[in-house]
Number of protein chains: 2
Amino acid sequence: MARSDTRYREAYNQILAYCETLPTAAPIPSETSLAEIAGVSRTVIRRCLARMEELGLISWQGRDKLLLRAPRSEDRIAVPDTPQDKSDLEQRFLDWVLRFDVPANTPLSVAELSRTFDVAQHDLKEFLAGLSRFGLVSRRPQGGWMLLGFTKDFAIELSDFRCVLELNAVTHVAEAPVDHPVWAALAQLRRDHLALKAAIDTDFHEFSKLDERFHLAINSVVKNRFIAEFQKVISLIFHYHYMWDKTEEKHRNAAAIEEHIAIIDALEARDAEAARVAAQRHLRTSKTTLLSSLRHHDLG
Amino acid sequence: MARSDTRYREAYNQILAYCETLPTAAPIPSETSLAEIAGVSRTVIRRCLARMEELGLISWQGRDKLLLRAPRSEDRIAVPDTPQDKSDLEQRFLDWVLRFDVPANTPLSVAELSRTFDVAQHDLKEFLAGLSRFGLVSRRPQGGWMLLGFTKDFAIELSDFRCVLELNAVTHVAEAPVDHPVWAALAQLRRDHLALKAAIDTDFHEFSKLDERFHLAINSVVKNRFIAEFQKVISLIFHYHYMWDKTEEKHRNAAAIEEHIAIIDALEARDAEAARVAAQRHLRTSKTTLLSSLRHHDLG
DNA sequence: CAATTGTTTTTTATAATAATGTACAAATAC
DNA sequence: GTATTTGTACATTATTATAAAAAACAATTG
């Protein structure tokens, strides 16, 4: 019932690897340098040194530290099974919600989620606390958490917010200098859109990826940590919903290609107002699609 | 080393209070109803009933529960000191950051914050996890948390984001129906602005409150959970910075009053484009003020 | 006196656990 | 019979105690 010593174990192996680069009988750097190398505190380094001394790998007396022999593979220490990386928890969580169509107002069990995602309970709680800032989940009065999205209101507000952000981005693109990388990206996107348009009958399902690339290119012009954070969540949600709503997919995608090209046309003409209008039309279509995909699920 | 029984204690006193409303020898409602009344699970209710039986307050056999005597004040159970309410933690935390001018990249000690704000450590961690979504804090590699804001970049991005949201709000106001409450609010705000303008020499410090009211009125037209969440943080930060940056306060506020009135003028004329332009000018001024207030602190 | 080590104090991460919630079976009342 | 209610078993949560790790400080050493 205390914190794990994984840090010590990983640091130990790291220091061992470092010592392998040293010749035998070489002096070992100061505790502070070793701490720097392993990215841990001196406390951990001293534990490492103590063990190395115990194993006869080094001699250690005050500041005299000598490597007695080259470390062997059996000197390494076992590192306990590291739980799943929690950096992509957001992706996996949203994926789970959308893939299994978890309905609005579902109680979320931290214990269960912790098992399915292989992440410690407190990490999950922190993650949920973060999501609650987006209004995606909330605490329940009797304890625990609840999934709030994806109601109709949620989808409408999300779409509206996306619209606000994306129209802003479009305006920025229109004002971007000629040497900005976005122009090359848009030129390539235009070619890819035209290619897909020509092969739409067979390759229409390829559009999802193209759509993501297109919106990413537009939004990458805006350098803003707040907007970027939101865009991540927004694009994920839209992306998945498009992928799974298969009704009239071919027709929908063909129409979206035209809308994208219209936006590119206006942007390359540096006509900010026309670009905003074109983007607005496209985003309205997106909103309708998202809403109809929700209705679909509700009925199913 | 397990959870506290505060819930039981509070429920117990609540049930006791409920029983006081019953005549003596009255039958007591089902466990489920009592659970509903106290807002807890049946498990807690059964603990309450067990204690009440033990004290001779009730008789309890299967579903026959009778009140034997009226509860007295000494029957109540002690509730341990409840820690500070955590609902206003955000307000108090930002207040602390801004009031003490905590510089960017300061390590935050959960233990210390927990003491100063009288909030449990895990609640604080959840709170910080939420703030990290706004890019205000982040986890440090060696554990713990770090305050990221308020660098120049942060202020610029925050201002820009505010601008995006607020211009959107202004557009919405311009399109609001004539019977929307925002029009009455704006009419009143115009009167208050004119009144303050007349007394600016003495009452200029009153502007801070007026500013907050003005922006709140504009933004209240947009009903969007994502935008609302951000607005809370944004307005708090701007509000405090204005309050504490005393350089040329009178002149600054007089200018801002004119800018506000210009926005109101354009809105009441239902001229969306003019309103956007006026708002843009005002927000640019705000941004400059926020940045100069930061520079001030850096030098001080 | 600058760099390093020795020592102490503080903080953090986390597993253990009692409190609480929840689900379901059994019993009761209507 | 069926709708409530209770009894019971099980799952989940909140919270604490605590070892691990970091940080602060004092004492050495070259």
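Each chain gets a letter, A, B and so on, in the order the sequences are listed, and its residues count up from 1. Values below: every heavy atom of this structure, side chains too, minus hydrogens, waters and symmetry copies.
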Separation of atom [atom1] in [X] from atom [atom2] in [N], rounded to whole Å:
| X | N | atom1 | atom2 | answer |
| --- | --- | --- | --- | --- |
| B:E31 | C:dT22 | CD | C1' | 14 Å |
| A:K65 | C:dG6 | NZ | C1' | 12 Å |
| A:Q61 | D:dT28 | CD | P | 16 Å |
| B:I77 | C:dA19 | CD1 | C1' | 14 Å |
| A:L34 | D:dA21 | CG | C1' | 17 Å |
| B:I45 | C:dT22 | CD1 | C1' | 15 Å |
| A:R115 | D:dT13 | CZ | C1' | 13 Å |

Note to self: Among residues at least two apart in sequence or on other chains, which ones pass ring pair (Phe, Tyr, Trp, His ring centres under 6.0 Å) with B:F230?
What the structure shows: A:F226, A:F230, B:F134, B:F161
Next item on the list: Mark yes when over 12 heavy atoms from residues, nucleotides or ligands other than B:Q142 sit less than 6.0 Å from its CD; otherwise mark no.
Entry: yes
Notebook entry, point to check: Does A:S30 put a side-chain nitrogen or oxygen below 4.0 Å from OP1 or OP2 of C:dA3?
Noted result: no
Checklist line | side-chain N/O A:S41 vs D:dA21 OP1/OP2, d < 4.0 Å | finding: no
Margin query: Testing the basics here: between B:P29 and B:L34, what is the closest heavy-atom pair and its distance to 0.1 Å?
Written below: O-CD1, 3.8 Å
Notebook entry, point to check: If every non-hydrogen atom of A:L147 is compared with every non-hydrogen atom of A:P103, which pair is closest and at what distance?
Noted result: CD2-O, 3.8 Å
Next item on the list: Would you sort out whether B:V79 and B:N13 count as a side chain to side chain contact (heavy atoms under 4.5 Å, CB included), showing the intermediate values?
Entry: CA-CA 9 Å; B:V79 177; B:N13 288 336; 3.5 Å; yes
Listed nucleotide nearest any side-chain atom of [X], set [options]:
| X | options | result |
| --- | --- | --- |
| A:T32 | D:dT13, C:dT5, D:dT18 | C:dT5 |
| A:R46 | D:dA21, C:dT5, D:dT6 | C:dT5 |
| B:Q121 | D:dT12, D:dA22, C:dT12 | C:dT12 |

Could you list the donor-acceptor pairs under 3.5 angstrom formed by side chains in residues 14-22 of chain B, with sequence neighbours left out?
unit_1	atom_1	unit_2	atom_2	d
B:Q14	NE2	B:I37	O	3.4
B:T21	OG1	B:Y18	O	2.5

Checklist line | Closest-nucleotide ordering on DNA chain D, the 5'-leading residue of A:S109 and A:V44 | finding: A:S109
Check: In terms of the nearest nucleotide of DNA chain D, which residue is placed more toward the 5' end: B:I28 or A:R42?
Finding: B:I28
Show which side-chain atoms of residues 114-122 of chain A pair as donor or acceptor with protein atoms under 3.5 Å away, not counting sequence neighbours.
unit_1	atom_1	unit_2	atom_2	d
A:S114	OG	A:V119	O	2.8
A:T116	OG1	A:E112	O	3.2
A:T116	OG1	A:L113	O	3.0
A:D118	OD2	A:Q84	N	3.3

Next item on the list: Give me the residues of residues 5-17 of chain A where at least one heavy atom lies under 4.0 Å from an atom of DNA chain D, by number, or none.
Entry: A:D5, A:T6, A:R7, A:Y8
Check: What parts of residues 136-147 of chain B reach DNA chain D, counting only heavy atoms under 4.0 Å away?
Finding: B:R140, B:Q142
Does the Lys NZ or Arg CZ of [X] fall within the cation-pi geometry relative to [Y] - under 6.0 Å from the ring centre and within 45° of the axis?
| X | Y | result |
| --- | --- | --- |
| B:R140 | B:W145 | no |
| A:R225 | B:F154 | no |
| A:R47 | A:Y12 | no |

Margin query: Under 4.0 Å, counting only non-hydrogen atoms across every strand here, what does A:L108 touch: a base, just sugar-phosphate, or nothing?
Written below: sugar-phosphate
Item checked: Sugar-phosphate only, base, or nothing, as touched by B:R47 at under 4.0 Å among non-hydrogen atoms -> sugar-phosphate
Item checked: Charged N-O contact under 4.0 Å between A:R162 and A:E157 -> no
Next item on the list: Considering only NZ, NE, NH1 and NH2 on the basic side and carboxylate oxygens on the acidic side, decide whether A:E229 and A:K232 come within less than 4.0 Å.
Entry: yes
Next item on the list: Can you check each nucleotide of nucleotides 25-30 of chain C against protein heavy atoms at under 4.0 Å and return B for base, S for sugar-phosphate only, - for none, in 5' to 3' order?
Entry: --BB--
Next item on the list: Examine the base of D:dT13 for any acceptor or donor lying under 3.5 Å from a partner atom in the side chain of B:R3, and report the outcome as yes or no.
Entry: yes
Note to self: Using a distance-only criterion (donor-acceptor N/O pair, under 3.5 Å, no hydrogens), is the base of D:dA22 paired with the side chain of A:T43?
What the structure shows: yes
Margin query: Assuming nearest nucleotide by heavy-atom distance, tell me which of A:H122 and B:S4 is located more 5' along DNA chain C.
Written below: A:H122
